[in-house]
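Below you'll find the structure, written out as structure tokens, and then a few comments.
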Amino acid sequence: MKKVIFGIVLFFVMMMLTPLSSGEAASEQQTNIIVKYAAEYDKKQIIQQSDSVIKEYNQLPLLEINISEERLQALKKDKHIEFYEENLSFSIQHQFKVANLSTAELERWNLKAMDVQQGWNAGFTGEGVKIAIIDSGVANHSDLTIAGGVAFVGDSYEDDHGHGTHVAGIITGKHNGTGVAGIAPNAEVYALKAIGKDGKGDVSDVLKAIDWAIENKVDIINLSFGDLEYAKSLHEGVKKAADNGIMIVAASGNEGNDNGTGNTINYPARHDEVISVASINRQFKRSSFSGTGDTNDFAAPGEEIYSTYLNGQYATYNGTSMATPHITGLLALLMEQYPYATPAELREGLRYIAEDLGDVGYDTLYGYGLPKIQLPNSQVINEILNSDVSVKSKFSKIETMPNTIEKLALKNEWNKSQQTIITQIDQILADFAKNPNEQKNNQLNELLTEVVSTDLKFRKQKEIDAVIAALIEPAVNAVNVFSKNKTIYNYKKADAELKKLPSLKAKQELEIALNEGLQLFAKNAIDSIAQYEKQPTKKNYDYAHFSINSLPDSSIKSDLMEKMNKQVQTAVKQATAKISLYEKKQTLKNYNNAKEFIQAIFDDKQRTLLEKKIQKTVNNNMAKAKVRVANYEKKKTETNRNLAIKLVRELPNSKEKEQLLKRLK
């Protein structure tokens, strides 16, 4: 195992111990540090204030910079930096000897100890699993096939130390009848070189490798190194990798003592996000050097481990560095066997298949023990999967069953069925984003109810919400514009954008907001109608009519128009009744009364119709009066004059009426 010795001298300690002649001298001193920032704006500020930027990470919110103390403190004071630390260095220690064993490749004690042959016989070889070995690189070797690599130290990921090549052979050595047999020979292994020929490296280079692993979506990171010194920036990298679904396996370290006492587990293995691996020997006993503590997770073979080495050779190494790739390889087999299992479930799965070592149950020497390949009982799985119970009952049964490999297998099948639903959701969501309609929205909601996992349901709901947010953004913007500047054009724009959307809760909320804005916009019209109802004058009518017509076409406008029309119809009804009375009893009084009600109608069309109606009666009476006057002129009797004058006097006042009265004098 490569023992990591972090040598750190903090900048502020240097400042305390080194006398400065002036403030200017302090500002000129620079230090190489790794800083964490919270937001892109903070990152820009740090870059601008740095003397030089050594490394920007694509996936990690970290920067490696050179900066003066004065600028550093200013950035820290303005809260652009969450934390900073010097770039810690480390070196590896190893115990090895070049060896040439005659034992057949599949007969090695370490492979037998983990029953990996059982997995191979079932067809599992790590196919499709991507593994990043962050180490000293991997050398060209006839017993190794490497998918690729990147050098973060030197110009090539070719191993010039030997440690990384030895780790690689344990994981992915070819099954070719000679040399070594890797636990996961068909896994995609990537050599990420972060340790140089001299066995030295630093946190920055390890972070670069982790950053690459996240960006390239590897499944497992193997870290066969560590130290007792805590590096906060390295922990940040580990956490980010875990957040991206990457499983991290690390050596618990070679800092242990013969008595197995104390907490001697190295970082980063000590972190909760990491699977920490201790070392055992052929007798399944803890190696005397193996780290101990309550963050040990599992034990694996770590002594007399024969594997690939430099120059096409093989070597025997001891150390938790060698135990670590055994768990990495085993995880690769489980990932292939259970492709739908989550990282948390796979980690639990290792516990299900771990043979207890040492004290009963978990202990600080061996963790949960030595994981061994086990194949699940297909009959147990089929009975539960094919049981005639509800989806939730089936899920509950799986969750509460004993912690066995069958449980992991069932969770994998369950996740597979859930993934089918998720795939359907993704497909419909993609269609919905291009062509949103109510049917697709209903389908998404229905499928979402079938997702049992709370976390998964939450994530999918967030994705759906994000698509809906993008769809409604134009409507949101248009409604906001109308709220600030209430014009007919802005209302029509907002209304048009809303009409493009299917029936959604968000749409309903926007419609409420738009309607509230319209209510404010319509206040003048509402008030003018109330005033008209109080005082039905021509002026109030005209103002109310104008105010309503100034509104955009909407339910509010329709309601107000209906209210006004109702008021008009009431007046029309009253005037019509008066006209009917005049038609029955054609007196001047009834005429004037009807005319007064007609004049109270300010709708030109309605008033014209009623005026025509009453005028028809007036015209008939005028014609009758003219006949009576003519009769009187022909035969001037008192009777004819009285009949004529009676009829004429009941006519509406007009020039014709005056002329008729003159003719009757």
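Of the inter-residue distances, the one linking Phe521 atom CZ with Ile488 atom CD1 reads 5.5 Å to the nearest 0.5 angstrom. With values rounded to the nearest 0.5 angstrom, Ile171 atom CD1 is found 5.0 Å from Thr328 atom OG1. How far CG of Leu471 is from NZ of Lys434: 13.0 Å, rounded to the nearest 0.5 Å. Expressed to the nearest 0.5 Å, how far CD1 of Ile81 lies from CG of Leu63 amounts to 9.0 Å.
Not a single side-chain hydrogen bond (donor to acceptor under 3.5 Å, both in side chains) links Asn386 to another residue, sequence neighbours left out. In terms of the side-chain hydrogen bond (donor to acceptor under 3.5 Å, both in side chains) criterion, residue partners of Asp553 (sequence neighbours excluded) are, by chain and number, Lys557. Under the side chain to side chain contact (heavy atoms under 4.5 Å, CB included) criterion, Ala341 pairs with Tyr338, Glu345, Leu346, Leu408, Asn412, not counting sequence neighbours. The side chain to side chain contact (heavy atoms under 4.5 Å, CB included) search around Glu413 returns Leu385, Lys416, not counting sequence neighbours. Applying the side chain to side chain contact (heavy atoms under 4.5 Å, CB included) criterion to Ile526, with sequence neighbours excluded, gives Gln519, Ala522, Leu560. Judged as a side chain to side chain contact (heavy atoms under 4.5 Å, CB included), and not counting sequence neighbours, Thr449 has no contacts.
Between the Tyr190 side chain and the Val150 main chain, no donor and acceptor come within less than 3.5 Å of each other. A donor-acceptor pair is defined here as one N or O able to donate and one able to accept, closer than 3.5 Å; such a pair exists between the side chain of Glu336 and the backbone of Glu127. Counting only distance, with no hydrogens or angles, the side chain of Gln443 and the backbone of Ile428 share no donor-acceptor pair below 3.5 Å. Of the possible donor and acceptor atoms, none in the side chain of Lys372 sits under 3.5 Å from a partner among the backbone N and O of Asp115. Remark: side-chain polar atoms of Asp297 are not paired, donor with acceptor, to backbone N or O of Gly367 under 3.5 angstrom. Between the Glu511 side chain and the Leu498 main chain, no donor and acceptor come within less than 3.5 Å of each other. In this structure, Asn415 contributes its side chain and Lys411 its backbone to a donor-acceptor pair below 3.5 Å. Between the side chain of Glu497 and the backbone N or O of Pro474 there is no donor-acceptor pair closer than 3.5 Å. Of the possible polar contacts, none joining the Asp78 side chain to the His80 backbone as a donor-acceptor pair under 3.5 Å is found. No donor-acceptor pair closer than 3.5 Å links the side chain of Thr172 to the backbone N or O of Ala168.
Between the side chains of Gln59 and Tyr57, no donor N or O sits under 3.5 Å from an acceptor N or O. A donor-acceptor contact under 3.5 angstrom links the side chains of Gln461 and Asp465, judged on distance only. Using a 3.5 Å distance cut-off with no hydrogens or angles, the side chains of His235 and Tyr230 do pair a donor with an acceptor. The closest side-chain donor-acceptor pair between Glu446 and Asn442, if any, does not fall under 3.5 angstrom.
Relative ring orientation between Trp120 and His175 is described as perpendicular, the plane-to-plane angle rising above 60° on a 0-90° scale split at 30° and 60°.
Of the charged side-chain nitrogens involved, none lies within less than 4.0 Å of a carboxylate oxygen, so that Glu64 and Lys55 do not count as a salt-bridged pair. Taking a cutoff of 4.0 Å between a charged side-chain nitrogen and a carboxylate oxygen, Asp495 and Lys499 qualify as a salt bridge. By the 4.0 Å N-to-carboxylate-O rule, Asp205 lies close enough to Lys208 to be salt-bridged with it.
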- Task: Walk me through it: do Asp431 and Gln427 pass the test side chain to side chain donor-acceptor pair (under 3.5 Å)?
- Result: CA-CA 6 Å; Asp431 292 339; Gln427 290 171 346; over 6 Å; no

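Looking only at side-chain heavy atoms (C-beta outward), Val189 and Leu144 stay at 4.5 Å or farther from each other. Proximity of Pro185 to Lys174: side-chain heavy atoms (C-beta onward) are nowhere separated by under 4.5 Å. For the pair Lys460 and Leu429, the minimum side-chain heavy-atom distance is 4.5 Å or more. You'll find the side chain of Ile214 reaches within 4.5 Å of the side chain of Ile210, heavy atoms only.
Ring to ring, Phe152 and Trp212 are not that close: their centroids are 6.0 angstrom or more apart.
In Glu562, the CD atom is not crowded: 12 or fewer heavy atoms of neighbouring residues, nucleotides or ligands sit closer than 6.0 Å.
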